[in-house]
Number of protein chains: 2
Amino acid sequence: MKNTIKVERAKIDITQAGLAEQLGVSRQTINAIEKGKFVPSTVLALKMARFFECKVEDIFLLEEMD
Amino acid sequence: MKNTIKVERAKIDITQAGLAEQLGVSRQTINAIEKGKFVPSTVLALKMARFFECKVEDIFLLEEMD
DNA sequence: AACAAATGTAAAGTATTATTTACATTTTGA
DNA sequence: TCAAAATGTAAATAATACTTTACATTTGTT
């Protein structure tokens, strides 16, 4: 599972901490997701998509292994 | 969190067991998600959207409480 | 260089997601 | 009506998501 969070963040120039605050999670959670440590819950994925004004599919990309 | 899985299933006339098989999860998992017992992982949500040929946002709807 | 902000990482613990097994109830069709 | 298929439910367990705390490294600015 790949994700484009770092790029989406760059587009609107927001830090991991800033995004975390907006989404109501810890900074480490954002960092871990961004680094591919784990995939967020569907609720958080939906909140991210809403925040970035795009689709969940635009941010989280299924791969063979998933 | 609401979901429209039952409706999507009805559209293409597939059973919970059939859907479970297609998605590679147990029938109980589909049933539990459909009944709102829990929200599936993002991976499973993405697979569902892909299977139903729609967006994750079309199936899973954020509510106030989420 | 020096400082601050941002990012990376780790470990321990809690909460949630998903599985298996098993059985009850409801719906459907012959 | 009777049987089979489909759905509902529950308990125990495993796997994963997320938090907190804490510290290290990198990056940007003066």
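Keep in mind the model is a prediction, meaning the values are calculated, not measured. Proteins come first, then strands; the chains are lettered A, B, ... in the order of their sequence lines, and each starts at number 1.
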Heavy-atom protein contacts under 4.0 Å, nucleotides 21-30 of chain C, coded B base, S sugar-phosphate only, - none: BB--------
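One interatomic measurement links the two molecules: CG of D66(B) to C1' of dA17(D), which rounds to 16 Å at whole-angstrom precision. Rounded to whole Å, the distance from CE on M1(A) to P on dA17(D) is 9 Å. Between the CD1 atom of I30(B) and the P atom of dA6(D) there is a distance of 15 Å, rounded to whole Å. One interatomic measurement links the two molecules: CD of E21(B) to P of dT7(D), which rounds to 14 Å at whole-angstrom precision. Here dT7(D) presents its C1' atom at 8 Å from CZ of R9(B), a figure rounded to the nearest Å. Atom CZ of F38(A) is separated from atom P of dG8(C) by 14 Å (rounded to the nearest Å). Nucleotide dG8(C) holds its P atom 13 Å from the CG atom of L19(A), rounded to whole Å. To the nearest angstrom, P of dT7(C) lies 15 Å from CD1 of I33(A).
No donor-acceptor distance shorter than 3.5 angstrom exists from the side chain of T42(A) to the backbone of V39(B), with no hydrogens or angles considered.
Between K37(B) and V43(B), the residue anchored closer to the 5' end of DNA chain D is K37(B), taking for each the nucleotide with the nearest heavy atom. Both K6(B) and V25(A) lie close to DNA chain D; mapped to their nearest nucleotides by heavy-atom distance, the more 5′-ward contact belongs to K6(B).
A salt bridge does not link R50(A) with E57(B): none of the charged nitrogens is closer than 4.0 Å to a carboxylate oxygen. Between E21(B) and R27(B) there is no salt bridge, since none of the side-chain N atoms of the basic residue sits less than 4.0 Å from a carboxylate O of the acidic one.
Remark: N31(A) is not in phosphate contact with dT7(C), judged by side-chain N or O atoms under 4.0 Å from OP1 or OP2. Contact annotation: Q16(B) side-chain N/O to dG8(D) OP1/OP2 distance is under 4.0 Å. Applying the 4.0 Å criterion to OP1 and OP2 of dC18(D), one finds that S41(A) has a side-chain N or O inside that range.
The side-chain heavy atoms of L19(B) and F51(B), taken from C-beta on, include a pair separated by under 4.5 Å. With a 4.5 Å cut-off on side-chain heavy atoms, I14(A) and E8(A) do not count as touching. Within the 4.5 Å cutoff, no side-chain heavy atoms of F60(B) are placed close to those of K2(B).
The side-chain hydrogen bond (donor to acceptor under 3.5 Å, both in side chains) search around N31(B) returns Q16(B), not counting sequence neighbours.
In this structure, S26(A) reaches the bases: a heavy-atom distance under 4.0 Å links it to at least one base atom across the strands shown.
Distance from the side chain of L44(B) is smallest for dA18(C) among the nucleotides dG8(C), dA18(C), dA6(D).
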